Protein chains: 2
Amino acid sequence: MIKVSIIGSGNVASHLINAFENSIEIELVQVFSRNIKVLEGIVSSDKITDNISSLKDADLYIISVSDSAIAKVSQQLLFSGRLVVHTAGSLSADVLDGKNRSGIFYPLQTFSKNRVVDFAAIPICIEAVNPEDHRTLEMVAKAISNSVFTIGANQRKALHVAAVFVNNFTNHLYGIAAGICENNDVPFNILKPLIRETAEKVMAISPKEAQTGPALRGDEIILQSHLDFLTDQNTNNIYKILTQSIQHDAKL
Amino acid sequence: MIKVSIIGSGNVASHLINAFENSIEIELVQVFSRNIKVLEGIVSSDKITDNISSLKDADLYIISVSDSAIAKVSQQLLFSGRLVVHTAGSLSADVLDGKNRSGIFYPLQTFSKNRVVDFAAIPICIEAVNPEDHRTLEMVAKAISNSVFTIGANQRKALHVAAVFVNNFTNHLYGIAAGICENNDVPFNILKPLIRETAEKVMAISPKEAQTGPALRGDEIILQSHLDFLTDQNTNNIYKILTQSIQHDAKL
């Protein structure tokens with residue numbers, strides 16, 4: 001069994017804890033958090049510590065804290081020469097203190113405390129300098145996921161930016177649609193099957209093939225009537241920019 | 001059984017044909033298309049006609065052709081005083097020739113020829129002036145869907161605009177992400193579980209509650225590094241506008 005400890009107790013950390021506790025190939029040694037209360041019920045109390053100097057020996061330490069705290073936490077570790085990784089898509093392994101061997105263990109998914117996720121389907125992007133460390137990360141990742149990728153720093157950055165488009169920005173468009181519904185006394189629920197099918201379509205065909213609508217068709221009458229309808233300046237502007245972008249792509 | 005005929009053979013028409021053929025409450029009388037070849041295999045040949053003057057008696061005629069052709073097709077009908085509706089989200093019932101009773105039968109979903117859809121889950125928005133016509137539309141809609149809404153012209157317009165955001169624009173963001181992946185030799189597949197979970201999340205919680213990411217957190221370092229990464233002017237601009245919009249909403 002590979003011995004893993006987790007430093008952190010946020011959304012990613014708690015989903016990792018759960019996945020490791022359910023894996024027969026991983027021994028979850030310890031979980032460190034400054035706020036041990038949030039770990040109650042997630043992991044057995046004998047594994048919880050709020051004392052960073054009491055971290056036991058493990059094959060892998062996964063730092064899963066907010067991006068801005070990763071460097072500092074890695075400096076606070078009292079040991080050296082061990083494998084320490086972080087889970088941030090946007091940061092290089094270099095942010096980790098050089099006294100330990102570093103790497104990346106980036107699960108590409110959006111996590112919420114109250115939503116059950118099937119970790120087996122979540123892609124995990126791993127990176128390590130040392131080939132043996134890479135093998136360790138690969139074994140740990142494969143113990144909880146069927147979808148493990150070796151991704152270099154530049155590629156991970158591309159993925160992280162792309163993830164902003166398909167998650168943060170897409171969710172914001174859902175929010176704009178919810179606002180339009182609310183302002184016009186239409187239940188947002190009516191849009192949910194469309195939201196789901198729009199996502200499901202690109203599981204099977206490329207977004208380019210799946211593109212439809214008045215922008216692509218160049219239906220100026222509909223486009224103008226929608227712009228007239230959108231009196232909120234911000235929303236109107238987003239409609240214009242995305243319409244232009246669809247039409248720009250169609251010409252390529 | 002309610003007698004229904006369909007005028008048209010596009011994506012919406014063919015999915016409606018399939019749903020009606022599988023309903024015990026509906027008798028699909030006829031399907032008209034100028035191009036009867038596309039209907040082969042979708043509906044039995046004795047129900048197909050390319051002669052608009054040979055349309056038989058029915059309780060409801062559903063015109064499901066391109067938006068720009070609806071008015072003309074409704075004028076070409078030789079009968080009068082019958083119930084004729086269209087399936088367009090963006091057009092009023094007034095575009096239909098006044099010699100027949102008019103209404104709307106708008107299934108709010110994205111249809112592709114090769115994708116099986118479960119019509120029972122698709123919201124159908126209906127509208128009719130005459131209460132008896134409204135009952136007919138309601139019965140027909142409920143025969144194929146569990147999700148039927150009476151939606152007035154203004155509300156339907158709001159829904160149609162909102163649908164552009166959650167379908168056309170969202171799919172375009174998927175396309176931008178696919179482009180970023182392609183340019184950086186990362187498989188777009190890695191993003192698919194995230195795309196799916198982003199959609200699934202708003203089935204349970206509101207988009208506002210589901211919003212995460214560097215824009216919402218105001219993480220200027222990550223935002224700037226993403227903008228530096230996006231050298232394509234159009235994509236860079238969309239990133240900026242949507243980031244500003246998320247931050248604008250967060251302040252409300």
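Everything numeric in this text was worked out from a predicted model, so none of it was measured. No hydrogens, no waters, no symmetry mates; every other heavy atom, side chains included, goes into these values. First the proteins, then the strands, lettered A, B, ... as listed; each starts at 1.
- With a threshold of 4.5 angstrom between heavy atoms, B:L216 does not approach chain A through any atom at all.
- Listed options B:N171, B:I221, B:V166, B:I246 were ranked by heavy-atom pairs under 4.5 angstrom with chain A; first place goes to B:N171.
- Interface residue A:S225: backbone and side-chain heavy atoms are both found under 4.5 Å from chain B.
- The salt bridge (Lys or Arg N to Asp or Glu O under 4.0 Å) analysis of residues 139-151 of chain A, with sequence neighbours excluded, yields the pairs A:E138-A:K142.
- A side-chain contact (heavy atoms from CB on, under 4.5 Å) with B:I195 is found for exactly one of A:V202, A:N167, A:T170, namely A:V202.
- Contacts of A:R115 with chain B are made by side-chain atoms alone, with heavy-atom separations under 4.5 Å and no backbone atom involved.
- With a 4.5 angstrom heavy-atom cutoff, B:N234 touches chain A only via side-chain atoms.
- Contacts between B:H248 and chain A at a heavy-atom distance below 4.5 Å involve the side chain alone, from C-beta outward.
- Only the side chain of A:D249 has a heavy atom closer than 4.5 Å to any heavy atom of chain B.
- For chain A, no part of B:S206 is nearby; none of its heavy atoms comes within less than 4.5 Å.
- Heavy-atom distances place both the backbone and the side chain of B:E200 under 4.5 Å from chain A.
- Proximity to chain A involves both the backbone and the side chain of B:T235, based on heavy atoms less than 4.5 angstrom apart.
- Only the backbone of A:A121 comes within less than 4.5 Å of a heavy atom in chain B; its side chain stays farther off.
- In this structure, A:K201 does not pair ionically with A:E209, as no charged nitrogen and carboxylate oxygen lie closer than 4.0 Å.
- Each of B:A210, B:S66, B:G179 has some count of heavy-atom pairs under 4.5 Å with chain A, and the biggest count is that of B:A210.
- For a residue to count as touching a neighbouring chain, one of its non-hydrogen atoms must lie under 4.5 Å from one of that chain's; by this rule B:R217 touches chain A with the side chain only.
- The contact between B:Y174 and chain A is made by backbone and side chain atoms together, counting heavy-atom distances below 4.5 Å.
- The parts of A:L242 that come within reach of chain B are both its backbone and its side chain, each placing non-hydrogen atoms under 4.5 angstrom from that chain.
- In the model, A:D228 has a side-chain atom that pairs as donor or acceptor with a side-chain atom of A:Q224 under 3.5 Å.
- For a residue to count as touching a neighbouring chain, one of its non-hydrogen atoms must lie under 4.5 Å from one of that chain's; by this rule B:D118 does not touch chain A.
- Of the atoms belonging to B:N183, not a single heavy atom falls under 4.5 Å from chain A.
- Contact of B:F149 with chain A is made through the side chain alone, with heavy-atom distances under 4.5 Å.
- When heavy atoms are compared at a cutoff of 4.5 Å, A:L230 approaches chain B solely by way of its side chain, counted from C-beta outward.
- Note on ring orientation: taking the six-membered ring where Trp is involved, the planes of B:H226 and B:Y239 are perpendicular (angle over 60°, cut-offs 30° and 60°).
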